[in-house]
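Here's the structure, in structure tokens; my notes come after.
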Amino acid sequence: MKRWEKITLTALALCALVLAGILTLSASASAGNVNLMAVNERVLLDLTADNMPRSVGGVLYVPYTMLSYQATGIDLGVNAMYSTTKRTVLVTDGQIGVVFDTRANTAQDLSGGALSVQAMVRNGTVFVPIDWLCEYFGTISCTRTSTRYGTLVRLTNASAILSDRSFISAADSLLADSLRRYLESGGVGEGDNPVPSGSGSASEPPSGGELYLTLSWGDEGEECARLAEGRGLRVLFLFTPEQLREQDDLVRRLAGAGHTIGLVLEGEKPEDCLVQAEEGRGLLAAVARCPALVAGAPGLNGEGREALAQAGFAVWRPTLRGEDYPTGGAMARELDPQRVNYVEIGCGSGGARFLRGALDAMEEENCRIYQPTAPELA
């Protein structure tokens, strides 16, 4: 046989295998009624037999992770967060929200009002009624479109660019890959329905971001301290030298409770900040009998911070400031899950409400909160 004939036959054989694979996938999708998942312009490739969207009594339920920014990396404006301690799923846009209690098999709004919906649990995965949620929030929508690989369940908001058909055409290979992974996981399509949430244990998603938390003292400092301590947290509190003089009893209580006490230094000149640092060091030693080892100096540049470090201080440098965000929840959603975050929240007017929102969101996202100390920051 001639060489070109061998090449041609080989190419034809490969084409036949590819076609057979597509036909097999298409047949599997048709026979098993597979529901694929996408959010805006992204196909969710982690489709398995456990998390596939399913219809129960005519109601479509999707895994809560379709609405989770942490899981998809897509900000829909409506975010779902799971609490391992409460076994609840909170779905909120920052203004209104729904709390699904998987143990009590109930749902309520943020004011505690009962809602006539419920979550479902299947094989440890929490599912939520997506059409109801779309109507409740009004800013997201869910469509179902038939493809040769199954039915595409696509969740979108105003940021979506492509129509469903255009998206399906552009994402053909990804949809095929999603179906392949689903079949490899042992999926056979819509079979057994999810069970009511009260009869199963909810899934435990990966841990969220890691962060060091610092509170800058203000009028609502005492309430902020109670909020932190109520959740078993110890944090870094920053005081100006003047505040140390004015709040000596509170400083002693905070130090005795195990919080780190540090200094916040004002000004852009290293020499001015160093004068304040020495004053604060003496005051803290007199007030609470503890050393001042941590200092924040937002006005100093790199050279100034180095001078502060040479004077024996661990320098606090936040990567997220509460003052840059409208709500604590909005700030919590900006935590980088790939690295350690350094978060500073002011305790001035509205600070307690902001902190409560941030802590609630951090808990729902399963964040790990650490106490900043001099050895940790050095």
Side-chain angles (χ1 to χ4, degrees), residues 25-26 29 33-48 51-55 58-82 89-98 100 117 119 125-182 190 205-206 208 325-327 329-338 361 364-365:
L25 287 173
S26 300
N33 192 20
V34 176
N35 293 323
L36 308 172
M37 295 187 289
V39 178
N40 281 355
E41 270 71 45
R42 179 175 300 174
V43 176
L44 303 186
L45 297 175
D46 60 341
L47 185 68
T48 68
N51 69 5
M52 188 187 78
R54 295 172 184 270
S55 295
V59 177
L60 178 64
Y61 286 83
V62 303
Y64 82 93
T65 49
M66 280 193 78
L67 289 154
S68 169
Y69 174 77
Q70 181 184 358
T72 67
I74 299 173
D75 186 1
L76 287 168
V78 176
N79 189 38
M81 298 166 284
Y82 180 80
V89 171
L90 168 65
V91 185
T92 180
D93 63 1
Q95 302 297 321
I96 60 175
V98 182
F100 294 99
V117 291
T125 299
V126 183
F127 292 76
V128 293
I130 191 59
D131 291 325
W132 187 93
L133 288 170
C134 289
E135 182 177 355
Y136 183 81
F137 290 102
T139 56
I140 56 174
S141 60
C142 182
T143 58
R144 287 79 134 173
T145 309
S146 296
T147 77
R148 58 177 173 169
Y149 306 112
T151 299
L152 176 65
V153 176
R154 187 184 183 205
L155 190 59
T156 59
N157 66 352
S159 298
I161 299 172
L162 298 176
S163 66
D164 288 336
R165 281 300 171 191
S166 296
F167 174 71
I168 289 169
S169 177
D172 185 85
S173 61
L174 291 174
L175 294 173
D177 190 23
S178 180
L179 175 58
R180 184 177 295 106
R181 295 187 187 196
Y182 169 76
E190 285 206 72
Y325 300 91
T327 65
M331 186 198 68
R333 288 194 292 272
E334 291 299 311
L335 292 171
D336 187 341
Q338 304 301 320
E364 299 294 346
E365 291 281 4

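For clarity, every value in this text was computed on a predicted model and none was experimentally measured. In what follows, every heavy atom counts, from backbone to side chain, and hydrogens, waters and symmetry copies are set aside.
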Checklist entry - Under a 4.5 Å cut-off applied to non-hydrogen side-chain atoms, are Pro337 and Tyr69 in contact? => result no
Checklist outcome for this item: The reported gap from CZ in Arg165 to OG1 in Thr143 (rounded to nearest 0.5 angstrom) is 10.0 Å
Checklist outcome for this item: Pro53 and Pro63 have their tightest heavy-atom pair at CG-CD, 4.2 Å
Next on the checklist: What's the separation between atom CZ in Arg181 and atom CG in Leu179, rounded to the nearest 0.5 Å?
Outcome noted: 12.0 Å
Item to check | Heavy-atom side-chain contact between Tyr149 and Val34 under 4.5 Å | outcome: no
Checklist entry - Should Met66 and Val128 count as side-chain neighbours, where that means a heavy-atom distance under 4.5 Å? => result no
Checklist entry - Taking the side chain from Thr72 and the backbone from Ser68, do they hold a donor-acceptor pair closer than 3.5 Å? => result yes
Checklist outcome for this item: To the nearest 0.5 Å, atom OG of Ser141 lies from atom CG of Asp131 at 10.0 Å
Item to check | Side-chain heavy atoms of Ile74 within contact of Leu155, under 4.5 Å | outcome: no
Checklist entry - Closest heavy-atom contact between Thr156 and Leu76? => result C-CD2, 4.2 Å
Checklist entry - Listed by chain and number, what are the side-chain hydrogen bond (donor to acceptor under 3.5 Å, both in side chains) partners of Ser166, not counting sequence neighbours? => result Ser163
Item to check | Nearest-0.5 Å distance, CG of residue Leu60 to CZ of residue Arg144 | outcome: 4.5 Å
Checklist outcome for this item: Heavy atoms of Met52 and Phe127 approach each other most closely as O-CE2, 3.2 Å
Checklist entry - Between Cys142 and Cys134, which heavy-atom pair has the shortest distance, and what is it? => result N-SG, 3.7 Å
Checklist entry - Quick one: are Leu36 and Leu47 in side-chain contact, heavy atoms under 4.5 Å? => result yes
Checklist entry - Measuring from Asn51:CG to Leu44:CG, what's the distance to the nearest 0.5 Å? => result 8.5 Å
Checklist entry - Do Tyr64 and Val91 have side-chain heavy atoms sitting under 4.5 Å apart? => result no
Checklist entry - For Ile96 and Tyr136, what are the C-alpha separation, side-chain angles and deciding distance, and is it a side-chain contact (heavy atoms from CB on, under 4.5 Å)? => result CA-CA 9 Å; Ile96 60 175; Tyr136 183 81; 3.8 Å; yes
Checklist outcome for this item: In this structure, OG of Ser178 is separated from CG of Asn35 (nearest 0.5 Å) by 11.0 Å
Checklist entry - Is any side-chain heavy atom of Thr48 closer than 4.5 Å to a side-chain heavy atom of Asp46? => result no
Item to check | Where Tyr82 and Val89 come nearest, the two heavy atoms and their spacing | outcome: CD1-CG2, 3.6 Å
Item to check | Short side-chain to backbone donor-acceptor contact, Asn40 and Asn157, under 3.5 Å | outcome: yes
Next on the checklist: Given the ring of Phe167, does Arg154 sit roughly above its face, with NZ or CZ under 6.0 Å from the centre of the six-membered ring and within 45° of the axis?
Outcome noted: yes
Next on the checklist: Taking the side chain as everything from C-beta on, heavy atoms only, tell me whether Ile168 gets closer than 4.5 Å to Leu152.
Outcome noted: yes
Checklist entry - Given the rule in the side-chain contact (heavy atoms from CB on, under 4.5 Å) test, do Met37 and Val62 qualify, once you have shown the distances and angles that lead to the verdict? => result CA-CA 9 Å; Met37 295 187 289; Val62 303; 5.6 Å; no
Item to check | Val153 and Ile130: CA distance, side-chain angles, deciding distance, side-chain contact (heavy atoms from CB on, under 4.5 Å) verdict | outcome: CA-CA 10 Å; Val153 176; Ile130 191 59; 5.6 Å; no
